[in-house]
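The structure appears right after this line, and notes come after that.
FYI, the numbering just counts along the sequence from 1.
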Amino acid sequence: MDLVAEQGFFTVRWHDGAVELLDQRLLPGTVRILRLSTAADVAAAIRDMAVRGAPAIGVTAALGLALGARELGDDPERFDGGFAGLCDLFAATRPTAKNLFWAIDRMRALVAGMRGVAAARIREALLDEAQAILEEDVRACRTMGAYGAQLVADGATVLTHCNAGALATAGYGSALGVIRGARDAGKAVRVLADETRPFLQGARLTAWELQRAAIPVTVIADGMAASLMRAGEIGCVVVGADRIAANGDVANKIGTYSIAVLARVHAVPFYVAAPSSTFDLDLGDGSRIPIEERSAAEMTHFGGMRIVPEGVPVRHPAFDVTPAVFVSAIVTELGVLRAPYRTSIARALGKGL
């Protein structure tokens, strides 16, 4: 699939023996491609948010593991031990995104199932698997977009938070995929993009993507949503997710919970779009979802300038958890799930009731 031809850019890809990423830290001002030739470089790019968004992190980790396998020798025992170390390296990069661990487990299982096979063959299989994960993610996003488009009324104004578009996935997007799907279905849609402090994913990334896609978008400050909902200017909310517990509790970028509460008060539908790899059935509810605490510098500085007085502490939980009771529906590539989520999620994932 030629994502560059279709959307004008790619998020992550394998190219000539290296992992290439669009460096999202520099957008929208500068479009720079990072070419990474070691697993350590790929892990650092995930940790430092050159690439971000749960599905994109999972795809990047899979490609990073395929790359790292090329750095290992051919001795079977050393290969197995070295690959286990690579898995640990990537698992330590971002704790909240379930897709990261899902991708690592999938690559780990492949290696475990090929014990006794020559290392060269395992390396080929790992690259094939990583490429398959990438292509499956794009297909899942397109399918989600088609399902989710049915929830968006013609002429609707949709509020988003953070960035859950092509930049947060291998292509097309989850939450923005729903918006793209509505547009592709012939509906007139416009978007209000929360700026999403402190990393400004909405202002920098969502606005950049939607402008390129010719979808009308207006950036608003995070604190403006309540007033606009009260004025009747928001038809629905669509956000992505980094991890979804078995009961439908949703972890997403910090500030999502606030929007969900506001949406409930103002009777605005609140939808979550995420691929099935985001679900974590090992967690009964959202209270057990690990919440990443990021660097204080992302709070205390803006554009290289200090905006918080020296010596004043800050908190920086990068995610919050929205209870399932506030979620109107969860859009996946398996269909649109509704409450009771413990039942609908288990049925969709084929785990029984």
According to a 4.5 Å side-chain heavy-atom criterion applied to Ile, Leu, Val, Met, Phe, Trp and Tyr, with indirect links allowed, do [X] and [Y] form part of one hydrophobic cluster?
X	Y	answer
Val239	Met144	no
Ile104	Val12	yes
Trp14	Val51	yes
Tyr257	Val268	no
Leu72	Leu36	yes

[X] vs [Y] side-chain heavy atoms within contact, under 4.5 Å:
X	Y	result
Leu205	Gln24	yes
Thr322	Val327	yes
Pro290	Arg243	yes
Val31	Phe9	no
Ile133	Trp102	yes
Met229	Leu159	yes

Going by atom types alone, do [X] and [Y] pair a side-chain donor with an acceptor below 3.5 Å?
X	Y	answer
Ser277	Asn99	yes
Thr157	Arg190	yes
Ser287	Asp285	yes

Keeping the roles fixed (side chain from [X], backbone from [Y]), state whether a donor-acceptor pair exists under 3.5 Å.
X	Y	result
Arg32	Leu27	no
Lys98	Asp242	no
Thr300	Arg306	no
Thr60	Ala56	yes
Thr143	Glu333	no
Arg342	Gly284	yes
Ser344	Arg338	yes
Asp23	Arg25	yes
Tyr271	Ala175	no
His266	Ala231	no

* To do: Check step by step if side-chain contact (heavy atoms from CB on, under 4.5 Å) holds for Tyr147 and Val178.
  => CA-CA 8 Å; Tyr147 280 126; Val178 169; over 6 Å; no
When you check the gap from the basic side-chain N to the acidic O, do [X] and [Y] get nearer than 4.0 Å?
X	Y	result
Glu129	Arg106	yes
Arg180	Glu209	yes
Arg123	Asp74	yes
Glu298	Arg197	no

* To do: Run the numbers on Asp194 and Ile220 for side-chain contact (heavy atoms from CB on, under 4.5 Å), then give the verdict.
  => CA-CA 5 Å; Asp194 268 351; Ile220 63 172; 3.5 Å; yes
Give me the atom names and distance for the closest heavy-atom approach of [X] to [Y].
X	Y	answer
Ala39	Gly64	CB-O, 3.8 Å
Arg315	Met299	O-CE, 3.6 Å
Tyr172	Gly177	CE2-O, 3.5 Å
Cys162	Arg52	SG-NH2, 3.9 Å
Ala225	Leu262	CB-CD1, 4.4 Å
Leu86	Gly68	CD1-C, 3.5 Å

Straight-line distance of [X] [atom1] to [Y] [atom2], nearest 0.5 Å:
X	Y	atom1	atom2	answer
Arg142	Asp137	CZ	CG	11.0 Å
Arg115	Phe79	CZ	CZ	11.0 Å
Cys141	Leu176	SG	CG	10.0 Å
Met224	Ile234	CE	CD1	11.5 Å
Glu233	Leu228	CD	CG	5.0 Å
Phe83	Leu126	CZ	CG	4.5 Å

* Asked: After noting the C-alpha distance and the side-chain angles of Leu34 and Glu20, does the key distance pass the side-chain contact (heavy atoms from CB on, under 4.5 Å) rule?
  -> CA-CA 5 Å; Leu34 296 176; Glu20 292 187 340; over 6 Å; no
* Decide whether a cation-pi geometry holds between Lys253 and Phe319; the criteria are a distance under 6.0 Å from NZ or CZ to the six-membered ring centre and an angle within 45° of the ring axis. => yes
* **Six-ring centre of Phe199, Arg204 cation under 6.0 angstrom, axis tolerance 45°** => yes
Could you check whether atom [atom1] of [X] has more than 12 heavy atoms from other residues, nucleotides or ligands sitting under 6.0 Å from it?
X	atom1	answer
Arg212	CZ	yes
Glu293	CD	yes
Arg35	CZ	yes

* Structure fact -> Paired with Asn163, the side-chain hydrogen bond (donor to acceptor under 3.5 Å, both in side chains) test is passed by just one of Thr169, Thr206, Thr196, namely Thr206
* To do: Before giving the answer on side-chain contact (heavy atoms from CB on, under 4.5 Å), spell out for Leu67 and Val42 the whole-Å C-alpha distance, their side-chain angles and the decisive distance to 0.1 Å.
  => CA-CA 9 Å; Leu67 178 64; Val42 178; 3.9 Å; yes
